[in-house]
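These notes are about the structure you will find just below.
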2 protein chains.
Amino acid sequence: MTARESCLADRLDIAFGLTAKERAVLVALEQSPRQCRRGHVVRRERERSDDLYIVRNGWLFSSVILVSGKRQILRFHFPGDLVGLGSGVLGEAAETLTAVTDIEMCTLPRGLLRTLFAEHPRLAAMIFSLAQADHVAMADRLASVGQMSAKARVASVLADILVRLRVLDKSITDSFHIGLTQEEIGDATGLTGVHVNRMIRTLVEEGVIARSNSHVRMLDEARLVQLANYVDRSKELDTSWLPPPPRD
Amino acid sequence: MTARESCLADRLDIAFGLTAKERAVLVALEQSPRQCRRGHVVRRERERSDDLYIVRNGWLFSSVILVSGKRQILRFHFPGDLVGLGSGVLGEAAETLTAVTDIEMCTLPRGLLRTLFAEHPRLAAMIFSLAQADHVAMADRLASVGQMSAKARVASVLADILVRLRVLDKSITDSFHIGLTQEEIGDATGLTGVHVNRMIRTLVEEGVIARSNSHVRMLDEARLVQLANYVDRSKELDTSWLPPPPRD
DNA sequence: CGTCCTCTTGACGGCTTTCAATAAAAGTGG
DNA sequence: CCACTTTTATTGAAAGCCGTCAAGAGGACG
């Protein structure tokens, strides 16, 4: 049993399976977790930074700000998610990272990618896979924002959050605490906060969801998924192309 | 001088610089180019396929179709672009690839990624970098579709195409042949073809662009870029983290 | 207990879509 | 090379979805 742990190792182990040796490599590299309060900006775009993070606890989102001052939320990140990869290969951060809840994140050292690519090809390939899965998720979101009605876009965000939380926490079935403001949902869907409010109310009136306090409950998940044109891709990862694990 | 060539080697050489040995590896792997006619669907989403392609000549675009029948164009791909990576790590293709012009593409073998990760870490890292650059580009597009006006979105697509073509072909300064229909521009921007037409006409009336036949000319590129809130990221690739090239 | 943030709701306006009809262009077959 | 068909571009009118503005209510927090 290892004294230290690694968020990244846990994540990769679940998705792909790790050997003890691979796990040891990651444990050795990972730095101690860092805490942030709800609303805190972990990193701002255009900052010089090639750090990588793994979410250990809580939610955050990545976003970009336009010159008009409008904000586009690109993606929500949950425990186990690898964050900041896109900025890691550019000179400066492309995305702002903001904590939705109190969070705990593990920072990965600057040289992580170099080390993995040079010495641990199978681990590098896993990270590549996760990055490509994110790419596909972003494509789904673009299609949602570009082609769907306001109601469908809101439904799509809710469905995505529910499905992704459920993968992480088996005890979640049909409801979750949503720490987002309606304004933030608007920034993710390309709508105003006011209109998000109306769409949520419509979904409640139609019996698709229910709310109490800050909890959202799915009453008719089939209809929600249909409304949102939602595709769950969480089970589609193809691991057959990965290089074989090293022989001890 | 090599008898055979490799589109991928050319691309990586321009972006990162290749050793002769690295080039030889890629030349050995690359298959002979394949031709497609304008409008031809190279690959359809949900098809079982983990092929990778490099564009040698012409344009294509990747897109997804929603159940409503609407289509979201995700990205245009120009010569040298690596296409299909996102689908390569999933069991099935996530995106449809459609030729905008007559095109010539090089197919890369199924095992390419595995070979590169296992045996040529620096090449794998380069491909990872390109993939992440695409990720950032997709984020920019999402912000455009989610937050900007119709005119700005159209301007943004035109600016993106111009800038990217100019990197590939130094002879291009302010005009290019646009093989896209206004409907296709609409599918990329989340607008209807009719409204794209109106926005293009507005841009012409304002003296920002001019058209003749299927050619678009930028009359006031500064204003176009400003309208589009366009950020040229083509020079932002950070190559310092790449593993060192192998010693011969 | 007061302040700030978020949610809620209504009225109004405008941007974009939809529908429709024509013209122009491109592709096809003779 | 010309007639015919299909696709694309263009334009107007009307409708609708969503944004803007505004005001009040409810909660969290100090």
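Here is the naming used below: chain letters follow the sequence lines, and residue numbers restart at 1 for every chain. These numbers come from a predicted model, not from an experiment.
The list of ring pair (Phe, Tyr, Trp, His ring centres under 6.0 Å) pairs with a residue in residues 138-177 of chain B, not counting sequence neighbours, reads H177(B)-H215(B). For residues 142-165 of chain A, no residue pair satisfies the ring pair (Phe, Tyr, Trp, His ring centres under 6.0 Å) rule, not counting sequence neighbours. Among pairs with a residue in residues 178-199 of chain B, those fulfilling salt bridge (Lys or Arg N to Asp or Glu O under 4.0 Å) read R71(B)-D187(B), at least two apart in sequence or across chains. Residue pairs meeting the ring pair (Phe, Tyr, Trp, His ring centres under 6.0 Å) criterion with at least one partner in residues 66-86 of chain A, sequence neighbours excluded, are W59(A)-F78(A). Residue pairs satisfying the ring pair (Phe, Tyr, Trp, His ring centres under 6.0 Å) criterion with at least one member in residues 30-52 of chain A, sequence neighbours excluded, are absent. Listed by first and then second residue, the salt bridge (Lys or Arg N to Asp or Glu O under 4.0 Å) pairs that reach into residues 204-216 of chain B are K151(B)-E206(B), R201(B)-E205(B), E206(B)-R223(B), sequence neighbours excluded.
The structure places CG of N229(B) at 5.0 Å from CG of L66(A), a figure rounded to the nearest 0.5 Å.
Nucleic acid contact class of G190(B) (heavy atoms, under 4.0 Å, all strands): sugar-phosphate only.
For D160(B), the side-chain hydrogen bond (donor to acceptor under 3.5 Å, both in side chains) partners two or more places apart in sequence, or in a different chain, are R164(B), Y230(B). Under the disulfide (SG to SG under 2.5 Å) criterion, C106(A) pairs with C7(A), sequence neighbours left out.
When the nearest nucleotides of DNA chain D are assigned to S149(A) and E183(B) by heavy-atom distance, the more 5′-ward of the two goes with E183(B). Annotation: of the two residues near DNA chain C, T181(A) and R153(B), the 5′-most nearest-nucleotide partner is T181(A).
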For this session: Apply salt bridge (charged side-chain N to carboxylate O under 4.0 Å, His left out) to R75(A) and D81(A), showing your working.
Result: CA-CA 11 Å; R75(A) 185 147 169 80; D81(A) 283 351; 5.3 Å; no
For this session: Step by step, work out the side-chain contact (heavy atoms from CB on, under 4.5 Å) result for I178(A) and L158(A).
Result: CA-CA 9 Å; I178(A) 186 161; L158(A) 296 178; 4.0 Å; yes
For this session: Quick one: do L85(A) and I127(A) satisfy side-chain contact (heavy atoms from CB on, under 4.5 Å)? Show the steps, please.
Result: CA-CA 9 Å; L85(A) 267 184; I127(A) 286 181; 4.0 Å; yes
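Within 6.0 Å of atom CZ in R38(B), more than 12 heavy atoms from other residues, nucleotides or ligands are found, so the atom counts as buried in its surroundings.
The footprint of chain A on DNA chain C, defined by a heavy-atom cutoff below 4.0 Å, extends from dT6(C) to dA11(C).
D187(A) has its CG atom 11 Å from the P atom of dG19(D), to the nearest Å. In this entry the distance linking CE of M148(B) with C1' of dG19(D) reads 17 Å, nearest Å. The interatomic distance linking K151(A) (NZ) with dG16(D) (P) rounds to 16 Å, in whole Å.
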For this session: At under 4.0 Å between heavy atoms, which parts of nucleotides 25-30 of chain D does protein reach? Answer with one letter per nucleotide, 5' to 3': B base, S sugar-phosphate only, - none.
Result: ------
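The overall bend of the helix from dC1(C)-dG30(D) to dG30(C)-dC1(D), read as the angle between its terminal helix axes built from five base pairs each, is 60° when rounded to 10 degrees.
Near DNA chain C, meaning a heavy atom under 4.0 Å away, the residues from residues 193-220 of chain B are V194(B), H195(B), R198(B).
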